Amino acid sequence: MDCIFCKIVEGAIPSKKVLETDTVLAFHDIQPAAPVHVLLIPKRHIATMNDVTADNASVLGDIALAAQQVAETLGIKERGYRLVNNCNEEGGQVVYHLHFHLLGGEKLGPILG
């Protein structure tokens with residue numbers, strides 16, 4: 001498999017880690033869209049939100065808890081942040097490894113559709 005996020009999990013590609021647990025890795029996005037822009041990924045490869053099953057759904061809770069820890073570590077937990085998942089092409093997904101964007105560090109505008 002040629003997945004860039006799997007290679008980051010393996011350590012083959014370096015990343016600026018913010019948090020690592022048994023199931024989740026959080027690291028700074030290399031093309032930030034906000035002053036704070038961290039990606040949270042499961043260490044196990046799951047391609048999209050549509051590929052979450054009853055057997056692996058617990059990773060979503062792990063990601064939510066990791067997002068809280070990351071927001072606290074980076075000093076934005078109380079001020080606020082946005083947690084976003086893009087699913088498939090029309091949803092804006094570029095890397096097909098489930099991931100969430102934690103955005104903050106400034107007042108974020110409304111999500112326009």
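Being a predicted model, the structure only gives us computed values, none of them experimental.
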Can you get from [X] to [Y] by hopping between Ile, Leu, Val, Met, Phe, Trp and Tyr side chains that sit under 4.5 Å apart?
X	Y	value
Leu103	Phe5	no
Val84	Val36	no
Val18	Leu83	yes
Leu102	Leu60	yes

Within a strict 4.5 Å, meaning less than it, do heavy atoms of the [X] and [Y] side chains meet?
X	Y	value
Glu89	Tyr96	yes
Glu106	Leu108	yes
Asn50	Cys87	yes

Rounded distance (nearest 0.5 Å) linking atom [atom1] of [X] with atom [atom2] of [Y]:
X	Y	atom1	atom2	result
Asn85	His99	CG	NE2	7.0 Å
Asn86	Met49	CG	CE	10.0 Å
Asp62	Leu40	CG	CG	11.0 Å
Ser15	Asp29	OG	CG	11.5 Å
Lys107	Arg79	NZ	CZ	12.0 Å
Lys17	His28	NZ	NE2	13.0 Å

Quick one: does any side-chain atom of Gln93 pair with a main-chain N or O of Ala47 as donor and acceptor, under 3.5 Å?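 Yes, the answer is positive, given that a donor and an acceptor are paired below the 3.5 Å cut-off.
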[X] to [Y] - nearest heavy-atom pair and separation:
X	Y	value
Pro35	Gly105	CG-O, 3.9 Å
Cys6	His45	SG-ND1, 3.4 Å
Ala26	Val38	CB-CG1, 3.9 Å
Lys43	Thr21	NZ-O, 2.7 Å
Tyr81	Ala71	CE2-CB, 3.4 Å
Ala34	Gly104	CB-O, 3.7 Å

Start with the C-alpha gap between Leu19 and Val24, add the side-chain angles, then the distance that decides, and say whether side-chain contact (heavy atoms from CB on, under 4.5 Å) holds. CA-CA 8 Å; Leu19 177 74; Val24 175; 5.7 Å; no
Leu98 and its side chain to side chain contact (heavy atoms under 4.5 Å, CB included) partner, picked from Thr48, Ile46, Asn56: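 Answer to the side chain to side chain contact (heavy atoms under 4.5 Å, CB included) test with Leu98 among Thr48, Ile46, Asn56: Ile46.
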Before giving the answer on side-chain contact (heavy atoms from CB on, under 4.5 Å), spell out for Ile8 and Phe27 the whole-Å C-alpha distance, their side-chain angles and the decisive distance to 0.1 Å. CA-CA 9 Å; Ile8 289 171; Phe27 54 94; 4.0 Å; yes
Using 30° and 60° as the class boundaries, would you call the ring planes of His101 and His37 parallel, tilted or perpendicular?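 The rings of His101 and His37 sit tilted, inter-plane angle from 30° to 60°.
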The test is side-chain contact (heavy atoms from CB on, under 4.5 Å); show your working for Val95 and Leu39 and say whether it passes. CA-CA 11 Å; Val95 177; Leu39 298 176; over 6 Å; no
Check the pair Thr23 / Arg44 against side-chain contact (heavy atoms from CB on, under 4.5 Å), numbers first and verdict last. CA-CA 7 Å; Thr23 59; Arg44 175 181 172 189; over 6 Å; no
